[in-house]
Amino acid sequence: MDEHTAEQHILAGLDEEQRQVATTLNGPLCVLAGAGTGKTRAITHRIAYGVHTGVYNPNRLLAVTFTARAAAEMRTRLRDLGVGTVQARTFHAAALRQLQYFWPHAVGGQLPGLLDHKAQIIAEAARRLRLPTDRAAIRDLAAEIEWAKVSMLTPETYLVKAVDRGEPGGLDKLAVGRLFQAYEDVKADRNLIDFEDVLLITVGILQEDPRVAATVRDQYRHFVVDEYQDVSPLQQRMLDLWLGGRDDLCVVGDASQTIYSFTGATPRHLLDFPKQYPSANVVKLVRDYRSTPQVVGLANTLLGSRRSGGMTADALWSKPLELLAQRPSGPAPEFLECSDDEAEAAAVAARIKTLIEHGTKASEIAVLFRTNGQSEAYEQALTAAGVGYQLRGGERFFARKEVRDSMLQLRAASRAAEDEPLGQLVRDVLNNLGYQPDAPKTGGAVRERWESLSAIVALADELVVSRSTPEHTFTLVDFVAELQDRASAQHAPTVQGVTLASLHSAKGLEWDAVFLVGLSEGLMPISFADTPETVDEERRLLYVGITRAREFLNFSWSTARTPGGRANRKPSRFLDALRPGSVGGAPTGPRMATTRKSRKAAGPSVCRVCGKILNTGAERKVGRCVECPPGYDEAVFEQLRAWRLGEATSAAVPAFVVFTDATLMAIAEAAPQDLDALAALPGVGPAKLERYGEAVLEILARD
């Protein structure tokens, strides 16, 4: 189509800033896009406008994002705009595709096998080195190796760069470096590569083989990178090699939504983009079309309170985007303090039930928490209230048996489908699997099965409207192909149930009503956020949670963990500036204990069993040599380790971040009976005492 037609067809409905993004087709472009400001709309319309006006060749443009779901969503939007041949992939998918193509020419032979999980190889590496490990330690070490590789570190340079990263798996840095090397050796012996290797090897080939680099650069002339605040050094290096010194690059991101720095992501590339490309156009999207002024106001206040907290703000916080609400006024956000976790979950479930009774769809409601371990209370409370739910991050939609069976039967039916409306055909097929128009009265597995089938029916109804044209009616064959594409990309349809999700997994999603729960010190910010940088990331995480809400927003916390427990919890410091009538001015950095007594200088520590001098920190912590028999009940120690594993899994952190093995040994040997005695042990600081103290004492009291 000509430029005038394209302008009418594609640019209509964009606001002034979105239109500027869509029509800036050449040269470097940096889009600073706040939450809810239509960034995906802006960049997909930019691509479509460039293709339809002849500026872009759709086969020579690559759009890159960070999750398979986001890439699938972008492909769907591009297809709806008539440019479905444009490639939209994750960094890993794009790199793997190139590696598979170039490996025979650049390296020769067959591409090594791709390692899905690191655990088995890390365990083998640990056995080679005779290092003690368990499942929790292996998971921690896998995360540490992934961080090292996306930061482009080798086993040798890791020792220098990882000084402040604790002791993953309870191992010191030298041992981790040795294990890192042994892991690489085991992979080489078995002719395997991991997901980080896909990027590293592709980068290596592009750097070392000019012919390969020239081929890639000739193939792709224009690049778009979404969620640019989340790029790692390794991903940035690959992007630079793709570009080869050219500047036909559009990046989109929001530094205020940087919540994955623990994986190696950094917003510095986004913040420094105008320095790297002095000729770059910078467009700010700040008109929030998602949320009410009440929600937007709280989001702005949360970020603004960081700058007034008395600490020197770095570039990340010097000028956060201030959103401008575009929606009509809505209800005031609610703040709820409860006596304990159980009471909080029950109150939230009751409020959710009221919303549903007044017309809000269950699928438009979310309960967001800091750690996955918090979900159980809300699962139980919603079940008791007769409200269906889906757990985001649980079993994948397309892995469910009823979904797999549905796809098989729909595929079989498509071979002999008659000329009937798609929606009715899908209903007829799924009736055989138990689908019915009305939701079952019961909960549990029966309700979950119905919700899966209902989601497929709803998707069919949606697509027959959006994909049908005067020339072509969307058919069952088309629907089966769409389901297969979505299964490959894990792009699940909407399930009719309240969403339970961690704040991290809620990124990129939105709901009419959002309940932010468990907002007490130790959970938000999390207890191990003990530096200004980590507390800032917790603030950004809460900001992401707030900006998921379109209309209803509820904050809640409890003063005790269990019914009848000690009410020693405090509301999150982040709420100080948000609650109506609050004074504000609360500390914004990590809270440190001010009453801890200093210890007198002492001579060398000796083993209480054999009397030898203790040489390592771990030995000094437990008070004995590693060779000497422990003075504690092994069953108690294993209970503590099992509890630690649960806490670490819930928080999505390495187990040593909760407590190291040495600290658990010290706890098991000392068997403290109260919080004061527990606080006296090395490795139990005030933040960990507040977060974990009661749970530890409860375990010790069982024996």
With no hydrogens and no angle check, just 3.5 Å: does a side-chain donor-acceptor pair link [X] and [Y]?
| X | Y | value |
| --- | --- | --- |
| Glu337 | Trp557 | yes |
| Arg566 | Thr559 | no |
| Glu376 | Gln374 | no |

Check this for me: does any side-chain nitrogen of one of [X] and [Y] sit under 4.0 Å from a carboxylate oxygen of the other?
| X | Y | answer |
| --- | --- | --- |
| Asp197 | Lys187 | yes |
| Arg561 | Glu342 | no |
| Glu638 | Arg641 | yes |

- State the CG-CG distance between Leu678 and Leu697, to the nearest 0.5 angstrom.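 Leu678 CG to Leu697 CG: 5.5 Å, rounded to 0.5 Å.
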
- Hey, could you give me the CZ/CG distance between Phe369 and Leu500, rounded to the nearest 0.5 Å?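 Output value for this atom pair is 5.5 Å.
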
- side chain to side chain donor-acceptor pair (under 3.5 Å) with Glu521: which of Arg691, Arg573, Lys570?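 Filter result, single survivor: Arg573.
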
- Relative to the ring of Tyr260, is the ring of His504 parallel (under 30°), tilted (30 to 60°) or perpendicular (over 60°)?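 Because their plane-to-plane angle lies in the 30° to 60° range, the rings of His504 and Tyr260 count as tilted.
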
- Message: Do Phe555 and Phe574 have side chains that approach each other closer than 4.5 Å (heavy atoms only, starting at C-beta)?
- Response: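 With C-beta onward as the side chain, the pair stays apart.
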
- Kindly write out the residues that satisfy ring pair (Phe, Tyr, Trp, His ring centres under 6.0 Å) with Phe195, not counting sequence neighbours, or none if the list is empty.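 Here no residue qualifies.
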
- Message: Taking Ser527's backbone N and O only, do any of them form a donor-acceptor pair with Lys688's side chain (distance below 3.5 Å, no angle check)?
- Response: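 Not a single qualifying donor-acceptor pair exists.
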
